[in-house]
Amino acid sequence: MNKGLLADTPGFSSFEFDTMEKEELSACFPEMAEKSNDCKFRECLHLNEPKCAIKAAVETGEIKDYRYKHYLKFLEEIMSRKPRYSND
């Protein structure tokens, strides 16, 4: 699993997610990584799944709304990228 921190700061206008899988993204947001284990489903993407701990934390203000919106934007980029095929 590709675990690392994601720069979420002014000045970054684009970021490429060539090798990151959609299930790995929330681990790059420390506040989400903490809560992800509380989601009902193990591979919750924090979109529309029931009993999502991340969405609940956003609703209560425990996770900042703007951070969740950045997560959604990055997730959309990952999900919309073209498949890469190996030359092996």
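The figures that follow rest on heavy atoms only: side chains count, while hydrogens, waters and symmetry mates do not.
A donor-acceptor pair is defined here as one N or O able to donate and one able to accept, closer than 3.5 Å; such a pair exists between the side chain of Y68 and the backbone of H46.
Nearest heavy-atom pair across P30 and C28 is CD-O, 3.5 Å.
Atoms CZ and OG, from F74 and S26 in turn, are 13.5 Å apart once rounded to the nearest 0.5 Å. Here M79 contributes atom CE and L25 contributes atom CG; the two are 11.0 Å apart, rounded to the nearest 0.5 Å. Going from atom CD of E31 over to atom CD1 of I63 covers 5.5 Å, rounded to the nearest 0.5 Å. How far CG of L75 is from CD of E23: 9.0 Å, rounded to the nearest 0.5 Å.
Within the 4.5 Å cutoff, the side chain of K55 has no heavy atoms near those of the C44 side chain. Side-chain contact between L72 and L47: present, with at least one pair of heavy atoms (C-beta onward) separated by less than 4.5 Å.
A perpendicular orientation is assigned to the rings of F29 and Y71, their planes being inclined by more than 60° (bins at 30° and 60°). Under the 30°/60° scheme for interplanar angles, the aromatic rings of Y66 and H70 are found to stand perpendicular.
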For a quick test of your reading: what N or O donor-acceptor pairs under 3.5 Å do the side chains of residues 36-43 make, sequence neighbours left out?
unit_1 : atom_1 : unit_2 : atom_2 : d
S36    : OG     : M32    : O      : 2.8

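Dense packing is recorded around CD of E49, with more than 12 heavy atoms of other residues, nucleotides or ligands lying under 6.0 Å away.
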